[in-house]
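Atoms considered below: every heavy atom in the structure, side chains included; atoms not considered: hydrogens, waters and symmetry mates. Just so you know, residue 1 is the first one in the sequence shown, and it goes up from there.
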Amino acid sequence: MSTNRTEKPSKKAQPGDSDAQRIVESARAHFFSHGFRSVTMDDLAEELAISKKTLYAHFPSKIALLEAVLADKFAGLEAKLEEITRAYPHNFPAALHELLASTQSELDEIKPPFVRDMRQKAPQVFKIVERRRAELIQRFFGKLFSEGQRTGMVRKDLPAKLMIEILLAAVQAIVNPAKVEELGLTPKTGFASVVKVVLEGVITRKGRKT
């Protein structure tokens with residue numbers, strides 16, 4: 001599979017496309033909990049009581065289905081983070097708490113077998129994860145750090161963009177299939193550890209007391 005192919009997520013199921021959405025939801029449950037090696041396309045077709053022709057018409061390969069599952073995952077996370085930022089536009093402590101809680105809740109769905117399979121069978125697809133993850137961190141945590149600086153809860157001696165770049169670099173270095181397996185982490189615990197270290201360095205005493 002070429003780099004250009006993996007940089008373009010597969011077709012995401014549209015609201016009216018019930019078969020495609022059912023396929024994605026079923027695959028998501030299996031993939032994230034048990035890994036995507038353990039379930040075949042035939043297994044999914046049988047579980048959903050649809051023909052293999054219908055399944056392959058929507059997703060011509062398991063990799064295409066994996067990309068659709070990841071797109072669905074990120075779409076849901078983005079919607080939650082957007083809702084939080086609208087609910088707490090000028091409340092740094094509440095927004096930080098809710099953003100972290102929501103992100104970690106989403107990561108909790110991803111179990112070690114999925115991480116293992118991403119490392120062994122689809123390392124190229126992880127580029128999609130890295131790109132979308134970086135976009136969300138820059139968008140939502142960037143706004144949060146800027147608001148924190150305005151209210152004196154985040155250090156002002158460092159540019160918000162630099163703090164975000166440090167966060168992104170740490171997440172990329174630690175929260176990837178090879179490193180989380182090496183360190184005995186999960187995506188949830190890895191992300192939580194990185195964020196804890198970074199936040200302890202950028203949040204002021206005022207921010208810690210809230």
Qualifying residues under salt bridge (charged side-chain N to carboxylate O under 4.0 Å, His left out), relative to [X], sequence neighbours excluded:
X	result
K143	none
R155	D157
E182	K179

So which atom in [X] and which in [Y] form the shortest heavy-atom distance, rounded to 0.1 Å?
X	Y	result
F59	A68	CE2-CB, 3.5 Å
S38	D43	O-OD2, 4.3 Å
V125	M118	C-CE, 4.2 Å
I84	A95	CG2-O, 4.1 Å
E181	V115	CG-CG1, 4.1 Å
A122	F36	CB-CZ, 3.8 Å

Distance (rounded to the nearest 0.5 Å) between [X] [atom1] and [Y] [atom2]:
X	Y	atom1	atom2	answer
T103	F140	OG1	CZ	9.5 Å
F74	R133	CZ	CZ	7.0 Å
T204	M153	OG1	CE	7.5 Å
S61	E67	OG	CD	7.0 Å
F191	I137	CZ	CD1	5.5 Å
E46	S51	CD	OG	13.0 Å

Candidate pair N176 and V129, rule side chain to side chain contact (heavy atoms under 4.5 Å, CB included), full reasoning: CA-CA 9 Å; N176 64 72; V129 175; over 6 Å; no

Side-chain donor or acceptor of T189 paired with backbone N/O of L185 under 3.5 Å: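 Checked: no pair found.
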
S26 side chain to R22 backbone, donor-acceptor under 3.5 Å: no

Tell me whether [X] is salt-bridged to [Y], with the criterion being a basic N under 4.0 Å from an acidic carboxylate O.
X	Y	value
K80	E83	no
R139	E78	yes
E106	K188	no

Test item: side-chain donor near acceptor, S105 and S102, under 3.5 Å: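 On atom types as modelled, these side chains do not qualify, holding no pair under 3.5 Å.
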
With the side chain counted from C-beta on, respond yes when [X] and [Y] share a heavy-atom pair under 4.5 Å apart, and no when they do not.
X	Y	answer
L136	F141	no
R119	V180	no
K62	F31	yes
K161	Q138	no
H34	K111	no
T186	I110	no
V69	K73	no
V171	V198	no

Salt bridge (Lys or Arg N to Asp or Glu O under 4.0 Å) contacts in which one or both residues fall within residues 84-104, not counting sequence neighbours: E82-R86

Qualifying salt bridge (Lys or Arg N to Asp or Glu O under 4.0 Å) pairs with a residue from residues 52-61, counting only residues at least two apart or across chains: D42-K52

Residues which pass ring pair (Phe, Tyr, Trp, His ring centres under 6.0 Å) with F32, listed by chain and number, not counting sequence neighbours: F114

Atom NE2 of H97: over 12 foreign heavy atoms under 6.0 Å: no

Reference residue M163; test side-chain contact (heavy atoms from CB on, under 4.5 Å); the match among L168, L199, L158: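 By the side-chain contact (heavy atoms from CB on, under 4.5 Å) criterion, M163 pairs with just one of L168, L199, L158: L158.
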
Same cluster (ILVMFWY, side-chain, under 4.5 Å), F126 and L183: yes

Path from V154 to V197 over hydrophobic side-chain contacts below 4.5 Å: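 No, it is not one cluster - the side chains of V154 and V197 are not joined through contacts under 4.5 Å.
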
Salt bridge (charged side-chain N to carboxylate O under 4.0 Å, His left out) between R150 and E147, worked out: CA-CA 5 Å; R150 187 187 69 80; E147 175 63 19; 2.7 Å; yes

